[in-house]
Amino acid sequence: MTRMQLTTLAALGSAALLLGAFAFQSLGYAPCALCIWQRYPHAAAVVIGGAAWALGYRALALFGAAAAITTAAIGFYHAGVELGWLEGPTTCTSGAIGDMSPDALLDQIMQAPLVRCDEIAWKFLGLSMAAWNGVLSLGLAALWLIAYRRT
């Protein structure tokens with residue numbers, strides 16, 4: 001395969017994982033904070049893939065690899081949290097407060113779904129979604145690095 005084919009395949013792989021995450025979300029699997037964090041590097045990899053395709057810069061493959069390795073690391077960290085091996089985030093986030101009254105803010109908090117990072121929502125072949133993201137993202141990182149080495 002050529003460098004551009006490998007780059008395209010790696011970027012499409014990140015796009016597929018993003019689409020899969022959104023598909024699970026549409027099926028009622030609300031994402032936790034760590035789930036959301038895993039999406040950002042995939043989005044970056046898609047943009048990097050587009051830039052590499054349009055500009056042809058070989059070095060962009062290294063940035064794609066860095067994005068894939070980053071999301072893999074977050075995925076494995078998340079899997080460790082799910083298994084109780086690691087401590088997860090201790091903070092929670094909410095939307096912008098703006099001019100909300102304390103009562104309206106409390107209502108917003110009480111109506112928001114509680115999604116815990118330390119609970120496994122779905123497993124396949126013994127691995128959670130976070131673990132699968134880690135494994136598949138390492139494969140994507142390998143594709144990016146092979147693309148970089150191609151002349």
*Asks:* Name all residues meeting the side chain to side chain contact (heavy atoms under 4.5 Å, CB included) criterion together with L19; count only those two or more places apart in sequence or in a different chain, and write none if there are none.
*Replies:* none
*Asks:* Other members of the hydrophobic cluster containing L62, with the 4.5 Å side-chain heavy-atom rule, please.
*Replies:* L145, Y148
*Asks:* Under 3.5 Å, which donor-acceptor pairs do the side chains of residues 23-34 form with other protein atoms, sequence neighbours left out?
*Replies:*
unit_1: Q25; atom_1: OE1; unit_2: R39; atom_2: NH1; d: 2.9
unit_1: Q25; atom_1: OE1; unit_2: R39; atom_2: NH2; d: 3.0
unit_1: S26; atom_1: OG; unit_2: A23; atom_2: O; d: 2.7

*Asks:* What's the spacing between M1 CE and L143 CG if we round to 0.5 Å?
*Replies:* 8.0 Å
*Asks:* Any chance you could pull the hydrophobic cluster mates of I69, using side-chain heavy atoms under 4.5 angstrom and chaining through other members?
*Replies:* none
*Asks:* Just to verify, what does I146 make a side chain to side chain contact (heavy atoms under 4.5 Å, CB included) with, not counting sequence neighbours?
*Replies:* L6, R150
*Asks:* By the side chain to side chain donor-acceptor pair (under 3.5 Å) test, which pairs, at least two apart or in different chains, include something from residues 60-70?
*Replies:* none
*Asks:* Only counting residues at least two apart or in another chain, list the ones meeting side-chain hydrogen bond (donor to acceptor under 3.5 Å, both in side chains) with R3.
*Replies:* none
*Asks:* Decide if atom CH2 of W122 counts as having more than 12 heavy atoms of other residues, nucleotides or ligands within a radius under 6.0 Å.
*Replies:* yes
*Asks:* Can you list, pair by pair, the side-chain donor-acceptor contacts under 3.5 Å of residues 128-137, counting residues two or more places apart and other chains?
*Replies:*
unit_1: S128; atom_1: OG; unit_2: E82; atom_2: OE1; d: 2.5
unit_1: S128; atom_1: OG; unit_2: A130; atom_2: N; d: 3.4
unit_1: S128; atom_1: OG; unit_2: A131; atom_2: N; d: 3.2
unit_1: W132; atom_1: NE1; unit_2: F124; atom_2: O; d: 2.8
unit_1: W132; atom_1: NE1; unit_2: L127; atom_2: O; d: 3.4
unit_1: N133; atom_1: OD1; unit_2: H42; atom_2: NE2; d: 2.7
unit_1: N133; atom_1: OD1; unit_2: S137; atom_2: OG; d: 3.3
unit_1: N133; atom_1: ND2; unit_2: Q38; atom_2: OE1; d: 2.8
unit_1: N133; atom_1: ND2; unit_2: T71; atom_2: O; d: 3.2
unit_1: N133; atom_1: ND2; unit_2: T71; atom_2: OG1; d: 3.1
unit_1: S137; atom_1: OG; unit_2: H42; atom_2: NE2; d: 3.4
unit_1: S137; atom_1: OG; unit_2: N133; atom_2: O; d: 2.7

*Asks:* Side chains of L138 and F76: closer than 4.5 Å at any heavy-atom pair?
*Replies:* yes
*Asks:* Output all residues satisfying side-chain hydrogen bond (donor to acceptor under 3.5 Å, both in side chains) with T2, sequence neighbours left out; order by chain, then residue number.
*Replies:* Q5
*Asks:* Over all heavy atoms of both residues, which pair between A52 and M4 is shortest? Give the atoms and the distance, please.
*Replies:* O-CE, 3.4 Å
*Asks:* Quick one: name the residues clustered hydrophobically with L60, using the 4.5 Å side-chain heavy-atom rule over I, L, V, M, F, W, Y, and just say none if it's on its own.
*Replies:* I48, L55, Y57, F63, W144
*Asks:* How long is the span from the CG atom in L12 to the CG atom in L18, to the nearest 0.5 Å?
*Replies:* 11.5 Å
